[in-house]
Amino acid sequence: MASVKTKPFLLPIEPSFTAHWQAEERRQSTRLFLKQRLAELDASPPTAPDLPDTTPAPTTRGGRKSD
């Protein structure tokens with residue numbers, strides 16, 4: 001009996017069928033990236049300098065309205 005070489009049986013994959021899986025992987029990757037980025041931002045020191053409170057204190061002028 002002669003030996004027959006066989007090729008692996010491959011199913012054709014349509015891009016429209018796998019698109020939803022690829023989209024889900026991208027969403028998970030984006031969520032992971034954003035979670036890591038937010039953790040880095042929370043751990044980093046603030047970039048804005050601490051400024052003293054410069055809001056003027058309310059003044060009282062006797063309680064009457066001026067014209």
Side-chain donor-acceptor pairs of residues 31-44 under 3.5 Å, sequence neighbours excluded:
residue: R37; atom: NH1; partner: E40; partner atom: OE1; Å: 3.4
residue: S44; atom: OG; partner: L41; partner atom: O; Å: 2.9

The salt bridge (charged side-chain N to carboxylate O under 4.0 Å, His left out) partners of R27 (sequence neighbours excluded) come to E24

Between T30 and R26, is there a donor-acceptor pair closer than 3.5 Å when you use the side chain of the first and the backbone of the second?
yes

